[in-house]
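Notes for the one structure printed next.
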Amino acid sequence: MSLLPLPEAYRQQIVNDLFTFTGSRDPLDFLEKVIFKNNSGHIQYIAAPGGRPLGAYYRDVIRYCEISAWAEEPPLILALLKAMPNTVKFAPWIASIAKEGPFICHPSGKPVLVARVAAELPLFGRRQTRLTAKAFDYSAATGTGEPKRVLRVYGGMGKSYTLNFFRYLAAIQPEKAAVLHIDFGDPELITQAASRNTPLELLLAQKLEAQARAVRQ
């Protein structure tokens with residue numbers, strides 16, 4: 001039985017723990033540093049706590065983490081549960097969610113038609129991206145030639161959506177799959193390679209290896 005979306009009684013338990021855990025601390029500061037530490041921009045998509053009960057705000061946070069559709073690693077709902085001081089109480093939930101995979105946001109049997117791969121905006125259109133994903137899956141399933149393993153995305157618009165799209169498809173596979181990525185538009189790559197006195201190609205290989213190791217763990 002799927003645990004997501006969480007029953008309201010479960011959300012209330014998390015709300016109670018958040019009250020205990022944060023105390024008089026600024027809830028936004030807590031979220032930025034603990035739950036959304038990999039991407040603090042998530043906060044702007046949740047209605048601000050001002051002018052309403054704090055419990056209602058925490059419920060919005062929990063729901064947001066539930067529908068994040070594995071757009072972050074670790075998934076936001078797991079990051080939230082693991083941040084609680086009494087994580088042992090939530091251990092069965094964490095195990096269940098990790099096993100069942102992401103909140104499903106696609107029609108039955110048609111994952112490339114997923115409507116949401118990140119919490120910011122729905123995923124509309126993207127016909128070429130979806131066709132490319134189908135081609136990857138078809139070549140792997142039928143054994144027609146060497147399955148494609150690398151996709152290069154050009155341009156400044158939509159790269160994050162494409163990355164999150166393929167992460168979502170990987171997360172819902174019955175067998176373990178993963179997406180490793182490198183942003184060649186990152187100017188820090190050359191700076192990092194120079195500061196380490198390392199060839200750029202070796203730095204890229206190390207970054208991919210670190211991602212693969214994280215997936216295995």
Side-chain angles (χ1 to χ4, degrees), residues 2-5 35-46 61-80 97-186 188-189 204 207-217:
S2 174
L3 187 61
L4 292 178
I35 310 304
F36 302 141
K37 61 183 179 181
N38 293 329
N39 184 358
S40 62
H42 286 291
I43 290 177
Q44 65 181 304
Y45 300 109
I46 305 173
V61 170
I62 295 166
R63 187 68 182 134
Y64 181 92
C65 290
E66 289 179 56
I67 66 172
S68 63
W70 268 222
E72 295 289 347
E73 182 60 41
L76 294 179
I77 186 61
L78 295 186
L80 174 64
I97 293 171
K99 183 178 180 180
E100 74 180 62
F103 186 85
I104 299 300
C105 300
H106 65 261
S108 178
K110 298 180 180 179
V112 296
L113 299 182
V114 59
R116 185 180 294 273
V117 294
E120 298 95 311
L121 292 170
L123 181 68
F124 292 134
R126 307 282 178 184
R127 180 175 182 273
Q128 192 60 47
T129 303
R130 298 180 195 275
L131 289 175
T132 301
K134 289 182 69 174
F136 267 63
D137 185 62
Y138 179 79
S139 62
T142 60
T144 54
E146 183 67 24
K148 296 178 175 62
R149 296 178 180 272
V150 178
L151 174 66
R152 185 165 186 174
V153 180
Y154 295 89
M157 297 293 289
K159 287 191 298 182
S160 296
Y161 267 116
T162 302
L163 176 59
N164 285 334
F165 175 65
F166 276 91
R167 277 177 169 166
Y168 181 89
L169 295 179
I172 63 172
Q173 298 301 310
E175 296 181 0
K176 188 67 175 179
V179 175
L180 311 181
H181 77 283
I182 291 291
D183 183 359
F184 289 98
D186 183 1
E188 291 298 316
L189 288 175
L204 297 179
K207 286 182 174 294
L208 292 174
E209 181 187 23
Q211 292 178 53
R213 188 182 305 114
V215 170
R216 289 196 299 269
Q217 292 173 347

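Atom set for the values below is all heavy atoms of this structure, side chains included, hydrogens, waters and symmetry mates excluded. As the structure is a computational prediction, the values presented were derived from the model and not from experiment.
In this structure, Gln211 and Leu180 approach most closely via the heavy-atom pair OE1-CA, 3.3 Å. Of all the heavy atoms in Val179 and Ala170, the pair that sits closest is CG2-CB, 3.9 Å. The two residues Leu123 and Arg130 come nearest to each other via the heavy atoms O-NH2, 2.9 Å. Taking every heavy atom of both residues into account, Leu113 and His106 meet most closely at C-CB, 4.3 Å. Scanning all heavy atoms of the two residues, the minimum distance from Tyr168 to Cys105 falls at OH-N, 2.7 Å. The two residues Leu3 and Ile97 make their nearest non-hydrogen contact at CD2-CG1, 3.7 Å.
A search for side chain to side chain donor-acceptor pair (under 3.5 Å) contacts involving Lys37 returns nothing, not counting sequence neighbours.
Note: Tyr45 and Tyr64 have parallel aromatic rings, judged against thresholds of 30 and 60 degrees for the angle between ring planes.
For the pair Thr132/Phe165, no side-chain contact is recorded, criterion being any heavy-atom separation below 4.5 Å from C-beta on. The shortest distance between side-chain heavy atoms of Lys207 and Leu189 falls below 4.5 Å. Contact annotation: the side chain of Val61 never approaches that of Ile35 to less than 4.5 Å [non-hydrogen atoms, C-beta and beyond].
Checking side-chain atoms of Arg63 against main-chain N and O of Pro5 turns up no donor-acceptor pair under 3.5 Å. Put simply, the side chain of Tyr161 never gets that close to the backbone of Arg126: no donor and acceptor are under 3.5 Å apart.
Note that CG of Leu163 and CG of Asp183 are 9.0 Å apart. Values are rounded to the nearest 0.5 Å. For the atom pair Arg116 CZ and Asn164 CG, the distance stands at 12.0 Å (nearest 0.5 Å). The CZ atom of Phe36 lies 6.5 Å from the CD1 atom of Ile43; values are rounded to the nearest 0.5 Å. We find the CG-CD distance between Leu76 and Glu66 to be 11.5 Å, quoted to the nearest 0.5 Å. One finds the CD1 atom of Ile62 at 6.0 Å from the CG atom of Leu80 (value rounded to the nearest 0.5 Å). Put simply, NZ on Lys159 and OH on Tyr154 are 12.0 Å apart, with the number rounded to the nearest 0.5 Å.
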